[in-house]
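Since the structure comes first, as C-alpha cells, the remarks are kept for the end.
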4 protein chains.
Amino acid sequence: MKALVKESAGPGFVMRDVPEPRIRDDEVLIRVRRAGVCGTDVHIYDWDAWASGRCKPPFVVGHEFAGDVVQVGSLVTDVQEGDRVTAEGHIVDGRCLLCRTGNSHVCPYTKIIGVDRDGCFAEYIAMPATNVWHLDDSISYEIGGIHDPMGNAFHTALTAEIPGATVLITGCGPIGIFAVGICRAAGASRIIASDVNPKRLALAKQMGAHDIVTPAEADAAVKRATDGLGVDVVLEMSGVPAAIHQALALVRVGGRVQMLGIPSKPIELDLPKEVIFKGITIYGVVGRRMYDTWHQMTRFLKAGEFNPEPVITHRFPMADFDAAIAAIKSGDAGKVIFEIA
Amino acid sequence: MKALVKESAGPGFVMRDVPEPRIRDDEVLIRVRRAGVCGTDVHIYDWDAWASGRCKPPFVVGHEFAGDVVQVGSLVTDVQEGDRVTAEGHIVDGRCLLCRTGNSHVCPYTKIIGVDRDGCFAEYIAMPATNVWHLDDSISYEIGGIHDPMGNAFHTALTAEIPGATVLITGCGPIGIFAVGICRAAGASRIIASDVNPKRLALAKQMGAHDIVTPAEADAAVKRATDGLGVDVVLEMSGVPAAIHQALALVRVGGRVQMLGIPSKPIELDLPKEVIFKGITIYGVVGRRMYDTWHQMTRFLKAGEFNPEPVITHRFPMADFDAAIAAIKSGDAGKVIFEIA
Amino acid sequence: MKALVKESAGPGFVMRDVPEPRIRDDEVLIRVRRAGVCGTDVHIYDWDAWASGRCKPPFVVGHEFAGDVVQVGSLVTDVQEGDRVTAEGHIVDGRCLLCRTGNSHVCPYTKIIGVDRDGCFAEYIAMPATNVWHLDDSISYEIGGIHDPMGNAFHTALTAEIPGATVLITGCGPIGIFAVGICRAAGASRIIASDVNPKRLALAKQMGAHDIVTPAEADAAVKRATDGLGVDVVLEMSGVPAAIHQALALVRVGGRVQMLGIPSKPIELDLPKEVIFKGITIYGVVGRRMYDTWHQMTRFLKAGEFNPEPVITHRFPMADFDAAIAAIKSGDAGKVIFEIA
Amino acid sequence: MKALVKESAGPGFVMRDVPEPRIRDDEVLIRVRRAGVCGTDVHIYDWDAWASGRCKPPFVVGHEFAGDVVQVGSLVTDVQEGDRVTAEGHIVDGRCLLCRTGNSHVCPYTKIIGVDRDGCFAEYIAMPATNVWHLDDSISYEIGGIHDPMGNAFHTALTAEIPGATVLITGCGPIGIFAVGICRAAGASRIIASDVNPKRLALAKQMGAHDIVTPAEADAAVKRATDGLGVDVVLEMSGVPAAIHQALALVRVGGRVQMLGIPSKPIELDLPKEVIFKGITIYGVVGRRMYDTWHQMTRFLKAGEFNPEPVITHRFPMADFDAAIAAIKSGDAGKVIFEIA
C-alpha cells in the first residue's frame with residue numbers, strides 16, 4: 001500500500017509502497033479515508049531535537065484519521081467490518097495504576113501511532129479494537145479525521161469549569177480555535193482569543209470568540225473584560241514563552257491555567273509572583289481523557305453544539321505532503337487534511 | 001407606605017398602610033420597583049400546614065424584588081444611594097461553621113424576608129448591605145426582581161456537570177423553565193423537559209428544550225435520547241411524587257439527581273432499586289450559593305447567554321394580589337410579577 | 001472438585017462434586033484458599049425475594065476469596081502461575097459508557113460471581129485476568145479473602161472527605177466495622193459507631209471508634225460531639241429503616257450520607273425535611289471503584305494503617321456451611337471465613 | 001506598651017514603647033501572650049528586596065499570636081472580654097468576588113498584620129472581630145500562637161487527596177514538619193521527608209515521616225517506595241530551586257504538586273518535561289482557606305490526631321529578638337516562639 005514514511009534520521013518524508021499491516025487477534029484493520037496533519041508531524045518532518053530523541057525510523061507517520069473497518073481480529077466483539085470509525089492514537093497498557101484509575105491518558109507505557117509505531121498516513125492502519133471509536137452517521141470522515149486534536153481541545157477546555165467563566169485562549173492554532181468553539185458552546189461568558197495571525201483570529205471570531213486580539217492587546221482586553229481582575233481560566237495553546245508569561249499574568253488570583261502548548265526550550269518563571277502568591281492551579285494537558293473526552297466530543301458534535309468545519313482550511317492528497325507541511329508552517333492554516341480514499 | 005400584609009393566621013393577604021421600615025447602621029433602605037410572586041407566597045396566602053408551622057403574622061410578604069437604594073446606614077461602605085439593586089433574601093449569621101466554609105445557603109440561623117421578617121411586597125424594604133446585589137445597567141428591574149428564583153435554577157443546574165450532559169427536567173414551573181435555558185447555554189447536549197401543562201411546555205421549548213414531553217411520554221423520550229441508558233442529570237423541579245420516582249428511574253446508573261421541588265407529604269421510596277444499586281448521587285438544593293450563584297447568574301445575563309424574559313407571563317399592580325395568586329394557581333403561568341413603582 | 005452449590009429454587013446449599021471450571025484464553029484458574037461469607041450468601045441460602053428474582057440455580061455460591069493462580073490462559077500477560085491473588089467479583093463489559101469513563105462499578109452489564117455465574121465456594125474458580133488483583137507478600141490469604149467487603153467499606157468511606165470530619169456509622173456489621181478503622185486511619189476527628197449488638201460495638205471500639213452507642217443513644221451522642229450541629233458524614237451500613245431516618249436526621253445541613261445498607265422494603269421519606277431543606281448529598285454505594293478502591297485498600301494494608309484482622313471472628317471448613325450461615329444470622333459475628341485449602 | 005518595631009528602611013528591629021492600639025467598633029483588643037516568629041519576619045529584619053518593596057516603616061512586626069481579649073468594640077457580637085483567641089492575620093475586604101465565593105485567602109485587597117499594618121510582636125494588638133478564632137480549652141496559648149503557620153501546612157496538605165497517598169515533602173522547616181504530622185494523621189500511606197539538616201529530619205521522623213532523606217537520597221527513596229512511579233503528591237515547602245525541580249521530577253504522572261516554598265529568584269523550568277507531558281496539577285498555596293482550614297485545624301488538634309508541640313524548639317522573651325532571628329537563620333530550629341505575657 002502507499003504510505004508516508006519517515007525513512008531515516010533527517011528531514012523530510014518519503015511516499016512509498018509498504019506492506020499492508022497484519023492485525024493481531026485483538027486488532028482491526030482500517031482503510032484510512034481522511035487524516036489530519038499535526039504540528040507533531042512537522043517536528044518529525046523537520047527532524048528536530050524532540051523527534052530525533054523520540055522516534056526510530058523507518059516508520060509510517062500520522063496519528064489523526066478516520067476510515068472504514070475492513071478486517072476484524074478473532075477476539076474482537078464490538079467492532080464489525082464496515083463500521084465507520086476513528087481511533088484514540090495512544091495505545092496504553094490498560095493494567096498499570098494510571099490505566100486502572102481512569103488516567104490512561106498518562107499511562108507510562110503509552111505507544112503513539114505515527115510516533116512510536118506505524119501511523120495513519122497510509123491506505124490502511126492496524127489498531128487495537130479497544131482504541132477504536134465509532135463515528136455517528138451524522139459525523140463525516142473529515143471531522144472524524146480530526147477527533148484527536150479536537151479531543152485535545154475538549155480535554156483542555158472541559159477539565160476547567162467553563163459555564164459562566166471568563167476565558168483567555170492564548171494561541172489560535174487549530175486546537176486553540178476548536179477550544180474557542182467548545183468554550184462558547186459550554187457557556188463561557190467571555191472568550192478572549194489571542195494570536196499574532198489575523199487569519200487565525202478571524203477563524204477564532206467565526207467560532208465564537210467575543211474578543212480577538214494580538215498578544216500586545218491582550219492585557220488591555222482582559223482588564224477591560226474583567227474589571228481589572230483577570231480571567232477565571234486561561235487555555236495556553238501556543239507554547240510561546242511570552243504567551244505563557246501572559247497567561248500567568250492575566251489569570252485572576254485563584255484561577256486556573258490549562259497548559260497544552262509546548263515551548264521549545266526551558267523558560268524562566270518567577271514562581272512566587274506568577275504562581276504561588278496568585279494561588280492559581282496549573283494543569284498539564286496530555287492527550288485526551290480515555291474515554292470521557294471522547295464521549296463529550298461525540299455529544300457536542302451530535303447535538304450540533306459545535307461545528308468544527310470552518311477550522312479545516314486546507315485539503316491535500318497524500319502525495320502533496322510537502323505542500324501540507326508548508327501550509328502549517330505558514331502560520332495561516334487552520335486544520336490541514338489529507339484526503340486519502 | 002402600602003404593603004401586602006399577612007395579617008393573621010388564616011387565608012389571604014391584606015393590602016394596607018404600614019410604617020416605612022427603619023434601617024440599622026449596616027442596612028440600606030430600598031424602594032421596591034418590581035417583585036416576583038412565588039409558590040411560597042401562595043402557601044402563605046393559603047395558610048397551609050407549612051405556612052402555619054413556620055410564619056408568625058402579622059408581617060409583610062414577598063421575597064423576590066429589585067429597586068433603588070434610597071437610604072444607606074452609617075456603616076455601609078459599598079452601597080450608595082441611587083444604586084439599582086436586588087438582594088439575596090436569606091439573611092444569615094455569617095459566623096457559623098456553614099457560613100465560614102462557603103455554605104451560607106444552609107446556615108442554620110437563616111431568616112428569610114417575607115417569611116421570617118418583613119418582606120418586599122411593599123413600597124420600601126430594609127436589607128442588610130451584605131445581602132444587596134448590584135444590577136448591571138443592562139439588566140432591567142423586572143429581571144432583577146426575579147433573581148431569587150433564577151438563582152435557584154442556576155444553583156440547581158450548575159452544581160451538576162452540564163457541558164455535554166443529557167438532562168431531564170421534571171416540572172416546568174418558572175424555575176424549571178429557567179433551568180432549561182441555563183442548561184442550554186451551558187452546553188447540555190440534550191434537554192428533555194417534562195410537564196403536564198402545554199403552555200409551560202411551550203415556554204420550555206422557547207427556552208431551548210430539545211424535547212418537550214408529558215410525564216407519560218418522558219420514559220420513552222429519555223430512552224430514545226440515551227440509547228436506553230438514562231440521562232446523566234435530572235433536575236427535579238416539581239415536587240410531584242410520580243415525578244420524583246420518574247427522576248430516579250430515568251437517571252442513568254452513576255448519574256445525579258438535583259432535588260428542588262418540594263413534595264407536600266412523605267413519599268415511599270424503594271431505596272435499593274431507586275438509589276443504592278443505581279450508584280447515583282442526590283443533592284438537595286437550598287436557595288442560592290452565596291454568592292457563587294449570584295456571580296454566575298450576573299455573568300450569564302450580562303453575556304446575553306440566557307434571556308429569562310419569555311418566562312415572565314403576567315404582570316399586576318400590587319393591589320391585584322388575588323389575581324396574581326390565582327394566575328399561579330392556574331398552572332398556566334410562567335413567572336408572575338408585581339409592578340410596584 | 002468440592003463446591004457449595006445452590007442446587008434449586010428453595011432454601012439451603014448443597015456441598016457436592018462439580019467439574020473443575022475450564023478457563024477461556026483471557027482467564028486464569030485460581031485454587032481457592034480462603035473465602036468470605038457475606039450477607040448476600042445468606043439471602044441466597046434463604047432464597048428470599050431478592051435471591052429468587054435474581055439467581056438461576058444451579059450455580060456455585062460465593063464471591064469473596066483469595067488463593068493461588070494455577071493455570072493461565074494464552075492471552076493473559078500479567079498474571080503468572082503461582083501468583084497469590086484475590087479478585088474483583090464484578091465482571092463488567094469494559095466497553096460501555098460507564099466502563100470507559102471510570103465507572104465500571106455501575107456497568108449495566110455486570111455479572112457477579114456466585115450470583116450470576118459460578119462463584120468461589122469451591123476448590124477452584126475461573127476468573128478473567130482483568131479482574132485478578134495481586135496480593136502483596138505482607139497480606140495473608142485470609143485478609144485477601146475479604147478484600148471484596150473491605151473494598152465496599154473503602155469505597156463508602158473514601159468517597160466522602162474524611163480527614164478532620166465527624167462521622168456517624170450506622171450499623172456495625174463487618175463492613176461498618178471496617179469503615180470505622182478506615183475512617184480512623186484517614187483522620188476522622190470523631191467517629192460515632194452505632195449498633196444494637198454489644199459484641200459488634202466492642203469490635204467497633206477496637207477498630208478505633210471514639211464513641212460506641214446503641215441507636216437509642218446515637219442522637220444524644222451526635223449532638224454532644226458536634227455542638228448540636230450534626231455530623232459531616234454518615235455511613236449508613238445497616239439498611240434498617242430507623243437507622244436510615246436517623247442518618248438523615250443526624251447529618252448536618254450540607255453534609256453527606258453514603259448509603260450502602262440495603263433495606264428489605266420501601267421506606268417512607270419526608271424528602272423536604274430529611275433531604276431537600278437540609279441541602280445534603282446522598283451517594284448510593286455499589287461495589288468497589290474499579291480499581292481506585294483496590295489501590296487505596298492495598299496501600300492502607302501495606303502501610304499498616306489499618307488492620308482488619310480483629311473483624312474476622314469465625315472460621316469454618318466449607319463443609320460447615322450451615323454453621324457459618326447461622327453465625328452470621330446470630331448478629332454476633334464479625335466476618336465469617338471458609339478455610340478451603 | 002512594649003513592641004518590636006521596624007523603625008526604618010534598613011536591617012534590624014527596635015524594641016520600644018509605642019501607644020496601645022485603639023480599636024474600631026468592629027474590632028477587639030487582644031493582650032498577646034505567645035507569638036510565633038516566621039521566615040517572613042526574617043525577611044523584614046534583613047530588609048531584603050521583597051521587604052523593601054512591600055513594607056512601609058515604621059510599623060510593629062509579627063503576624064502569628066494568641067492571647068486574651070481585653071476590649072470589645074460596640075458592634076462585635078460573638079467575641080467577649082476574656083476569650084482565649086488567636087486570629088487569621090489576613091484582613092480581607094469581604095465583598096470582592098473572591099471573598100464572596102469562598103476564596104478570601106486570595107482577596108486582592110488583603111492587608112497582613114505585621115506586614116501591611118501593625119502586628120503582634122507587642123503587648124496588645126487590635127484585630128477585626130471577623131478575624132478572631134476562639135481557642136478550645138484544650139489548646140495552649142503556645143499552640144494558639146502558631147496557628148498561622150500550622151494553617152499553611154493544613155491548607156497545603158488537605159487540598160490534596162491524602163488518605164492512602166504517597167507523599168514527598170521537600171523542606172522540613174516548621175511548616176514542612178507540621179505537614180508531615182498532618183499527612184500522617186490523614187492517612188498518607190508513605191511520607192518521605194527531605195531536608196539537608198539532620199535536626200529537622202529528626203523532627204520530621206518524630207512527627208511521623210516513614211522515610212527521612214537528604215535531597216541527594218530523595219530520588220532513590222521515592223523510586224523504592226513507589227516502584228519507580230513517583231509519589232502521588234509533593235508538598236514543596238523549601239523554595240529551593242533544586243527541590244522544586246526534584247518535586248516535579250518525583251511526582252508521578254497525573255500527580256499533584258502543592259507549592260508553598262518561596263524561591264528567592266526566577267527559576268528556569270522545562271515545562272514540557274516537568275509539567276505538561278507529565279499531566280500534573282500544580283497548586284500555589286496562599287495563607288489559609290478562610291475558614292475551612294481553621295475548622296480542620298481545630299478538629300485535628302481537639303481530637304488529638306496531631307500534636308505540634310515537638311516542632312517548637314526555641315522560646316525567647318521578646319527582648320531577645322536578635323537571638324530568635326539568629327535561631328531561625330541557623331537552619332536548626334523548628335518553630336521559634338516569643339513568650340510575651
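Throughout, protein chains are lettered first and strands after them, A, B, ... in sequence-line order, and every chain is numbered starting at 1. Note that the structure is predicted; figures quoted are calculated from it, not measured. The figures here come from the full heavy-atom set of this structure, side chains too, leaving out hydrogens, waters and symmetry mates.
Between C/Lys329 and C/Asp46 there is a salt bridge, since at least one side-chain N of the basic residue sits less than 4.0 Å from a carboxylate O of the acidic one. Salt bridge annotation for B/Asp232-B/Arg252: present, with a cationic side-chain nitrogen under 4.0 angstrom from a carboxylate oxygen.
At a 4.5 Å heavy-atom cutoff, the contact between C/Leu260 and chain B is made by backbone atoms alone.
Contacts with chain C were tallied for B/Pro263, B/Gly287, B/Ser264; B/Pro263 has the most, counting heavy-atom pairs under 4.5 Å. Residue with the most contacts toward chain C among B/Val275, B/Asp270, B/Ile280, B/Asn103: B/Ile280 (heavy-atom pairs, distance under 4.5 Å). Your options are B/Ile262, B/Ile267, B/Thr281, and the one with the most heavy-atom pairs under 4.5 Å with chain C is B/Ile267.
Once rounded to the nearest 0.5 Å, the distance linking CE of B/Met237 with CG of B/Leu168 reads 11.0 Å.
You'll find the ring centres of C/Trp294 and C/His155 outside the 6.0 Å limit.
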